[in-house]
Enquirer: 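What follows is a structure written as structure tokens; I'll ask about it next.
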Amino acid sequence: MPSRKFADGEVVRGRWPGSSLYYEVEILSHDSTSQLYTVKYKDGTELELKENDIKPLTSFRQRKGGSTSSSPSRRRGSRSRSRSRSPGRPPKSARRSASASHQANIKEARREVEVKLTPLILKPFGNSISRYNGEPEHTERNDIPHKNTQEKFSLSQESSYISTQYSLRPRREEVKLKEIDSKEEKFIAKELAVRTFEVTPIQAKDLEFGGVPGVFLIMFGLPVFLFLLLLMCKQKDPSLLNFPPPLPALYELWETRVFGVYLLWFLIQVLFYLLPIGKVVEGTPLIDGRRLKYRLNGFYAFILTSAVIGTSLFQGVEFHYVYSHFLQFALGATVFCVVLSVYLYMRSLKAPRNDLSPASSGNAVYDFFIGRELNPRIGTFDLKYFCELRPGLIGWEALLTTMDIIHDGFGFMLAFGDLVWVPFIYSFQAFYLVSHPNEVSWPMASLIIVLKLCGYVIFRGANSQKNAFRKNPSDPKLAHLKTIHTSTGKHLLVSGWWGFVRHPNYLGDLIMALAWSLPCGFNHILPYFYVIYFTMLLVHREARDEYHCKKKYGVAWEKYCQRVPYRIFPYIY
């Protein structure tokens, strides 16, 4: 077994991936199989590095033998000139050799600067309250003098150090060096900006939903459970004591004409999606720096759909056909979802690595469920974006900064959720009330409406605030919000809706779910399945978000949790 060079707990210098910069890190562990060291940077970021990317501290401290305020060229030149000579007039021999040795001096000075840089080079906002390195800032937007003195970059400081120490060099070379510095700044900034989107296969211990056995059971269990719920609603007494309900014959569940109607509905929404109306916006940066473009015309699609339905009603079309064939529509949507998922997985096998989802694992069953390709497109037609917004849930537009778009691939999980689970479970209360009507008094109806509106205000306000901040953190409309800097160059909101409670959008979602179920009364628990399911979903999502944020933002996330200790489900996990 090869021996390891560094011990656990040892403080060393680790190279930042993709650059030549070294920063102080602590050795956490060593994998004897892969020969990789797990290290932790000062900002809490944990990475795996090779042994040749790690150097002991002594290899850098040896450079500090002389004064830290003098450059290598000054110390070298002091040997050959008199102390009484003016610093602005070096000896002739030094002038003759200056042009020959100047480039070497610049490279040496740059190596000396590189070991002093810190990972964060992005400029903080004026409404931030702390730096990423843990030193409180408490800077408000009107504290201009303090902000100007505290928000200087390490890279800018080192660049000015070089320019002052080499004030005697030819101006052409000085400009050239500044251009190099500028390119280096842009390279590191771009590296930090896309670092969170790097695609690396996740380990088996990090697989969600119970890993491969869990997703296998979900893919077969959810469709069966959906049909059992719909069959129970058809019963006169939908009590849990009558579970499971009598199963119908197979021919009663499938009808080709119903499947054709479903395909027609899908294609009409595709047509509305492709109409050249609505503004075009850019999504979040991909791993290669590209930003995909999306056309926002969901509201127009909703208006056109309403117009088509209204015209059909005026022409005498009977829409009770949908209710009387609800089970057949559910089965048709499930079949379409399975076919779409197979297509998505097969095309993902040929997709470039940069187009894959960060959640993909390399296991065929798990990736079929979670989705391998992040943004599958046919030309400009984005399959995931379309299915998230149109056939099952029309008009939800603030989607481009959600986990579904920026993190999850498009596979069976999202396809089934968008095309089957959302349209048939989110309308479950209405389906129940057709067979089991319930009288609601005016005071009770008013209370339900107020509860629904409160949930909508919280949900819409929190999501709009988050979406606007992610798109343009420097928007003057968000100047009153306070933030915490992170090691990735991003910022965490700690005020507004997100300073009140963690994941306030989930709170609004849950309140609205309850409001949808209350009109069904309290005779049976079945119509409250939506609330029960939604609570379980949000518990999982909140735990998932907390896990990813802690892993991604490290120390900054811990600061946010200390400032906003309240969660939606504080006692469940």
Enquirer: Where does the angle between the aromatic ring planes of F412 and F416 fall among parallel (under 30°), tilted (30 to 60°) and perpendicular (over 60°)?
Expert: parallel
Enquirer: Start with the C-alpha gap between R502 and E546, add the side-chain angles, then the distance that decides, and say whether salt bridge (Lys or Arg N to Asp or Glu O under 4.0 Å) holds.
Expert: CA-CA 9 Å; R502 297 185 221 169; E546 295 265 337; 3.0 Å; yes
Enquirer: With side chains defined as the heavy atoms from C-beta onward, is the minimum distance between L344 and F368 less than 4.5 Å?
Expert: no
Enquirer: Apply the ring pair (Phe, Tyr, Trp, His ring centres under 6.0 Å) test between F529 and each candidate in F431, F225, Y426, W516; give the one that qualifies.
Expert: F225
Enquirer: Using 30° and 60° as the class limits, which term best fits the ring planes of F381 and F386: parallel, tilted or perpendicular?
Expert: tilted
Enquirer: Is F266 atom CZ crowded by more than 12 heavy atoms from other residues, nucleotides or ligands, each under 6.0 Å away?
Expert: yes
Enquirer: What residues, two or more places apart in sequence or in another chain, satisfy ring pair (Phe, Tyr, Trp, His ring centres under 6.0 Å) together with F209?
Expert: F369, H540
Enquirer: For the residue pair D408 / S357, report whether a side-chain donor-acceptor contact shorter than 3.5 Å exists.
Expert: no
Enquirer: Would you call the rings of H503 and Y506 parallel, tilted or perpendicular if under 30° counts as parallel and over 60° as perpendicular?
Expert: parallel
Enquirer: What's the verdict on side chain to side chain donor-acceptor pair (under 3.5 Å) for E373 and S360, showing C-alpha distance, side-chain angles and the deciding distance?
Expert: CA-CA 8 Å; E373 193 172 359; S360 59; over 6 Å; no
Enquirer: For the residue pair F534 and Y530, is the inter-centroid distance of their aromatic rings smaller than 6.0 Å?
Expert: yes
Enquirer: With a sphere of 6.0 Å drawn around NZ of K452, does it hold more than 12 non-hydrogen atoms of other residues, nucleotides or ligands?
Expert: yes
